[in-house]
Amino acid sequence: MRIGELARRTGATERALRYYEEQNLLKPARLPSGYRDYAPSDIEAVRHVRSLLAAGLPSHLIAELLPCMVDTGDGLMPGCRSMLEPLESERDRLTSAIDELTTARTLLAALIDRTPEDDSEYDAWMAAHASA
DNA sequence: CTTCTAACA
DNA sequence: TGTTAGCA
């Protein structure tokens with residue numbers, strides 16, 4: 001399939017798809033016309049790329065990882081065990097990021113819940129906090 | 001009409 | 001990344 005169809009089917013822009021190729025994340029064949037010719041399996045590959053890129057993984061790591069995921073429901077393909085260490089690092093980085101986001105969300109949620117619909121209780125609040 | 005490369009009021 | 005120009 002050509003770039004337009006892959007873009008439609010993945011939600012990625014054509015611009016992004018060409019960028020992925022430039023980053024060696026995808027290596028579409030070329031039609032005699034010069035148009036990129038993507039394999040059906042690239043649909044899933046693009047989904048993985050978008051997810052991992054959004055999670056902050058460096059493209060070079062994703063580039064190495066993709067071929068390790070090909071044709072595997074779960075684990076990495078044989079010969080990809082060297083990816084384990086960097087992947088564990090990314091996993092831990094995401095765990096920390098999630099913790100920080102959760103803390104921020106909890107703070108915002110509390111502020112929102114404690115805020116009255118209007119300022120009708122403003123005077124009471126002032127009285128309760130009057131210092132001098 | 002679709003895709004391509006290159007480039008940036 | 002968007003977007004556009006100028007081709008094929």
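As a basis for the values below, the full set of heavy atoms in this structure was taken, side chains included, without hydrogen atoms, waters or symmetry mates. Every chain is numbered from 1 and lettered A, B, ... according to where its sequence line falls, protein lines coming before strand lines.
Environment of CG in Asp119(A): sparse, with no more than 12 heavy atoms of neighbouring residues, nucleotides or ligands closer than 6.0 Å. Dense packing is recorded around CD of Glu5(A), with more than 12 heavy atoms of other residues, nucleotides or ligands lying under 6.0 Å away.
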With B for base contact, S for sugar-phosphate-only contact and - for none (protein heavy atoms under 4.0 Å), nucleotides 2-8 of chain C reads BB----B
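For Arg114(A) against Pro116(A), the heavy-atom pair with the smallest separation is O-CD, 3.5 Å. The two residues Leu26(A) and Ala45(A) have their closest heavy-atom pair at CD2-CB, 4.0 Å.
Atom-to-atom, CZ of Arg2(A) to C1' of dC4(B) comes out at 12 Å; the value is rounded to the nearest Å. Tyr19(A) has its OH atom 10 Å from the C1' atom of dT1(C), to the nearest Å. For the pair Glu21(A) CD and dC4(B) P, the computed distance is 8 Å after rounding to whole Å. Rounded to whole angstrom, the span from the CZ atom of Arg18(A) across to the C1' atom of dT3(B) amounts to 6 Å. Atom P of nucleotide dT2(B) and atom CD1 of Ile3(A) are separated by 13 Å, given to the nearest angstrom. Between the P atom of dC4(B) and the CG atom of Leu6(A) lies a distance of 11 Å, rounded to the nearest Å. Per the geometry, CZ belonging to Arg36(A) stands 4 Å off P belonging to dT5(B), to the nearest Å. Taking atom CD of Glu22(A) as the reference point, atom C1' of dT5(B) lies 11 Å away to the nearest angstrom.
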Output field dot_bracket for DNA chain C (Watson-Crick or G-U, both distances under 3.5 Å, | for other-strand pairs) contains .|||||.|
Enumerate donor-acceptor pairs with a distance under 3.5 Å from any side-chain N or O in residues 14-21 of chain A to protein atoms, sequence neighbours excluded.
| from | atom 1 | to | atom 2 | distance (Å) |
| --- | --- | --- | --- | --- |
| Glu21(A) | OE1 | Arg36(A) | NH1 | 2.4 |

Check residues 76-90 of chain A and write down every donor-acceptor pair under 3.5 Å in which the side-chain atom is one partner and the other belongs to a residue at least two apart or another chain.
| from | atom 1 | to | atom 2 | distance (Å) |
| --- | --- | --- | --- | --- |
| Ser89(A) | OG | Glu85(A) | O | 3.4 |
| Glu90(A) | OE1 | Arg93(A) | NE | 2.9 |
| Glu90(A) | OE1 | Arg93(A) | NH2 | 2.6 |

Distance-only donor-acceptor pairs under 3.5 Å for side chains of residues 57-64 of chain A, two or more places apart:
| from | atom 1 | to | atom 2 | distance (Å) |
| --- | --- | --- | --- | --- |
| Ser59(A) | OG | Gln23(A) | OE1 | 3.2 |

Would you check, one step at a time, whether the test side-chain contact (heavy atoms from CB on, under 4.5 Å) holds for Tyr38(A) with Ile3(A)? CA-CA 7 Å; Tyr38(A) 295 93; Ile3(A) 198 168; 3.9 Å; yes
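The backbone N or O of Arg47(A) lies less than 3.5 Å from no partner atom in the side chain of Ser51(A), so there is not a single donor-acceptor pair. Between the Arg2(A) side chain and the Leu31(A) main chain, no donor and acceptor come within less than 3.5 Å of each other.
Listed nucleotides: dT1(C), dC4(B), dT2(B). Nearest to the side chain of Tyr20(A): dT1(C).
Tested against Met1(A) for a side-chain contact (heavy atoms from CB on, under 4.5 Å), the candidates Asp42(A), Leu6(A), Asp37(A) yield a single pass: Leu6(A).
Non-hydrogen atoms lying under 4.0 Å from DNA chain B are contributed by nothing in residues 45-60 of chain A.
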